[in-house]
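Data first, discussion second: the structure below is written as C-alpha cells.
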Protein chains: 2
Amino acid sequence: MDSLTEENYIKSIYALSLATGEVFVSELAKKLNIKQPSVNSMMKRLATKKVVAYAPYKGIRLTEKGKKEALSIIRRHRLAELFLVKVMELGWEEVHDIAEQLEHVDSKRFYSRMDEMLNFPKFDPHGEPIPDSNGKIYTQKRTALSDLVEGLTATIAAVGEDEKSFLDHLNAKGLQIGDTVTLKKRELFDGSVTLQHKSKKEILLTHQVAERIWVE
Amino acid sequence: MDSLTEENYIKSIYALSLATGEVFVSELAKKLNIKQPSVNSMMKRLATKKVVAYAPYKGIRLTEKGKKEALSIIRRHRLAELFLVKVMELGWEEVHDIAEQLEHVDSKRFYSRMDEMLNFPKFDPHGEPIPDSNGKIYTQKRTALSDLVEGLTATIAAVGEDEKSFLDHLNAKGLQIGDTVTLKKRELFDGSVTLQHKSKKEILLTHQVAERIWVE
DNA sequence: TTAAAAAGTTAGACTATTCTAACAAATTAA
DNA sequence: TTAATTTGTTAGAATAGTCTAACTTTTTAA
C-alpha cells in the first residue's frame, strides 16, 4: 500500500509523463510545490518499491506497476468529481479540491457504488476519460467549441481545464455544463467566438477559452 | 487545524469521556491501539494546543475547544455514515470504515450538501445523534428491542453498536434497518427474545443482542 | 569549447508519530 | 501498611516526509 503522499507523487508523475514519457525532478518538484531534494529522496523510495524506474541524472519513468497505480488513483479522482457534480450537485468549479481528498479513500465498495450510480461513466465533468477498474481508458474524438462551425448549435459537454480561475471565468460568463449554445460568429482576426446562449444573452469568449470547452 | 492523527485522538477522548468525564492514558492507548508513551507525548502536544487539559498522573479532559472539535468530527462521521446508507445504499455494516475516512475530508460544502440531501437528519443509522453545525445534539428516548412488550410489533430504527462483528451477526440473522418484527416471546430465564419477521421466519436473539437494537 | 546556468545530488537537520526499555507513582490486596 | 500490580512518565531511537546548504553533473550559450 502507498501512503497518501506517495499516491500524490505517482499521480503527478503520470500526469507529467503523458506527453514525453519521462519526467524530470525539477518538473515534479515544481508541480508538487516541493523542493528538489525531497523529490530526489522520494524517487529513491519509490524506486525500491518498484513503482518508478529511476537512475541518477536520468529522468523518472513509472514502471508497469506504477502506471497501474496511477490509473487507479486517477480513476478514483475522476469518479469522485463526477459523483460530486452529478449526484451531489456541487458546482464543477468546486469539486476538484474535494475529489483530491476523496481519491485517497481506501474502499473498493465506495468506488464501485459511485460507478454504478453514475452508470459506468467513461468521462469526468472536465471531459477527461475515467479509467475502468482494470486501468483501461476509452478515448473519443472531442470537438472544441472553438472548432464548431458557424451557425451550428451544440451542448457544452465538458471542459479541458481544472484551474479554478478558468472555471470561475466560465461561471462569471454564465456558462454551465449542459448549456446549449449557438455559434453566431467567429472572428478570423483572433479566433474569439460570439455565442447565443439559451438565456438569450450573447457571450463572447476568446479562442484561448473556447478551445478548452468541449461540445456535442 | 488538526492533523488526521490528532483528530482521531480527539474523537476517541470524546467517546471515552462521555460516561466519566475523565479519560486515562491507558484507556486511550488501548482504544487507539497505540502504546502508552505515544499517547503521553500526544497529550502534551494537544495540551499546548489547548485542546485537552492534562496534568501528569491525572486524567485527560477535553477543553471547550476540544469538545467543539470532537463534535465537529463526530458530526462529519455520522453524516457520512447516513449518507453512505441512505444515498449510496451501502449496507449499514460496511459504512463505518468508509465514514472513518470521510470524516477527515476538509470541505464545508461537502458536508453541508450531505446535510441538505439527507434533510438535516438528527440521527445516524446506528441511532446515534448527529450534532448540528454548531455542535448542538438533540437527544430522544429510544426503546430497545429487549424492552418491547410481548405481542407488539415494531420497526427496527437503528442499532447501538458499531462493531463489525455485531452488524455481521444481524445480517446473518436476516435483520435490516427498517424491518418490521413482532415480539413473540421473551424468555424470563435469559432475556432472549423470539421475533416474528416479515419474511415469516422466526428469529431468536439473545438479550445481549436485543438490547442493542432500537425500535419504533 | 569553455564558462555560466540549470538540473540533480548528498549531507545534515527538523517535525510528526510511533516504539521499546527503564523507571516512578498510585492503587490494590494480602 | 508494605508488597505486588497497574498506570504513567522519561529517555532514546526509528520512519516518513520535508527543508537548507553545499556540492556535482549536464546543458546551454557565448
Side-chain angles (χ1 to χ4, degrees), chain A residues 1-17 19-62 66 69-70 73 100-101 103-104 106, chain B residues 1-17 19-62 66 69-70 73 100-101 103-104 106:
Chain A
M1 241 309 89
D2 303 308
S3 69
L4 185 152
T5 311
E6 288 169 342
E7 287 199 343
N8 284 332
Y9 273 94
I10 294 169
K11 191 177 49 150
S12 294
I13 295 169
Y14 183 86
L16 290 174
S17 70
T20 51
E22 275 203 338
V23 178
F24 298 93
V25 172
S26 50
E27 285 181 272
L28 194 47
K30 189 182 291 181
K31 171 131 183 161
L32 291 167
N33 253 304
I34 273 173
K35 302 297 175 193
Q36 288 187 3
S38 308
V39 171
N40 182 272
S41 62
M42 180 58 93
M43 288 313 102
K44 286 178 184 168
R45 177 128 58 93
L46 291 180
T48 48
K49 291 183 109 179
K50 309 278 188 208
V51 169
V52 302
Y54 174 63
Y57 295 101
K58 307 293 173 199
I60 301 158
R61 263 181 319 102
L62 286 174
E69 291 179 17
I73 300 162
E100 203 71 21
Q101 299 178 65
E103 74 191 9
H104 302 294
D106 177 23
Chain B
M1 243 306 92
D2 303 309
S3 70
L4 185 151
T5 311
E6 289 168 341
E7 287 199 343
N8 284 332
Y9 272 94
I10 294 169
K11 190 176 50 151
S12 295
I13 295 170
Y14 184 86
L16 290 174
S17 69
T20 52
E22 274 203 338
V23 178
F24 298 94
V25 171
S26 50
E27 286 182 89
L28 194 47
K30 189 182 290 180
K31 171 129 183 163
L32 290 167
N33 253 305
I34 272 174
K35 303 298 177 193
Q36 288 187 3
S38 308
V39 171
N40 183 273
S41 62
M42 180 59 92
M43 287 314 102
K44 287 179 184 169
R45 179 129 58 91
L46 291 181
T48 51
K49 289 182 112 180
K50 309 280 187 205
V51 169
V52 302
Y54 174 64
Y57 294 102
K58 307 296 173 195
I60 300 157
R61 264 181 316 102
L62 287 175
E69 291 179 18
I73 300 162
E100 203 73 21
Q101 299 179 65
E103 74 190 11
H104 302 293
D106 177 23

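Below, read A as the first sequence line, B as the second, and so on, with proteins coming before strands; counting in each chain starts at 1. Quantities reported herein were computed from a predicted structural model and do not represent experimental measurements.
- Rounded to whole Å, atom C1' of dT20(C) lies 14 Å from atom CG of Asn40(B).
- For the pair Lys35(B) NZ and dG12(D) P, the computed distance is 22 Å after rounding to whole Å.
- Glu103(B) is listed as a side-chain neighbour of Asn8(B), based on a closest heavy-atom distance under 4.5 Å.
- The distance between atom CE of Met42(A) and atom P of dG8(C), rounded to the nearest whole Å, is 17 Å.
- Annotation for Lys35(A): atom NZ does not count as buried by contact number, only 12 or fewer foreign heavy atoms lying within 6.0 Å.
- Among the heavy atoms of the strands lying under 4.0 Å from Ser38(A) is at least one base atom, whether or not backbone atoms are also near.
- Going from atom CG of Leu4(A) over to atom P of dT15(D) covers 21 Å, rounded to whole Å.
- Residue contacts for Ser3(A): at a heavy-atom cut-off of 4.0 Å it reaches the sugar-phosphate backbone alone, with no base atom in range.
- Looking only at side-chain heavy atoms (C-beta outward), Tyr14(B) and Ile73(B) stay at 4.5 Å or farther from each other.
- Straight-line distance from the NZ atom of Lys30(B) to the P atom of dT6(D): 11 Å, rounded to whole Å.
- Out of dA16(C), dC19(D), dT18(C), the shortest distance to the side chain of Arg45(B) is found at dA16(C).
- Note on Pro37(A): a base of the nucleic acid sits closer than 4.0 angstrom, heavy atoms only.
- Going from atom CD1 of Ile60(A) over to atom P of dG8(C) covers 8 Å, rounded to whole Å.
- Residues Asn40(A) and Lys44(A) are in side-chain contact: their nearest non-hydrogen atoms beyond the backbone lie under 4.5 Å apart.
- One N or O on the side chain of Gln101(B) and one on the backbone of Asp106(A) form a donor-acceptor pair closer than 3.5 Å.
- Residue Lys58(A) contributes atom NZ, which lies 13 Å from atom P of dT25(D) at whole-angstrom precision.
- Rounded to whole Å, atom P of dT10(D) lies 14 Å from atom CE of Met43(B).
- Take the nearest nucleotide of DNA chain D for Ala55(B) and for Tyr9(A): the residue whose nucleotide is more 5' is Ala55(B).
- Distances shown here put every side-chain N or O of Tyr57(A) at or beyond 4.0 Å from the OP1 or OP2 atom of dT10(C).
- Contacts of Ser26(B) with the nucleic acid, taken as non-hydrogen atoms under 4.0 Å apart, involve only primed sugar atoms and P, OP1 or OP2.
- With dT17(C), dT18(C), dT9(C) as the choices, the nucleotide that has an atom nearest any side-chain atom of Ser41(B) turns out to be dT18(C).
- Residue Lys44(B) is classed as a sugar-phosphate contact, given heavy-atom separations below 4.0 Å to backbone atoms only.
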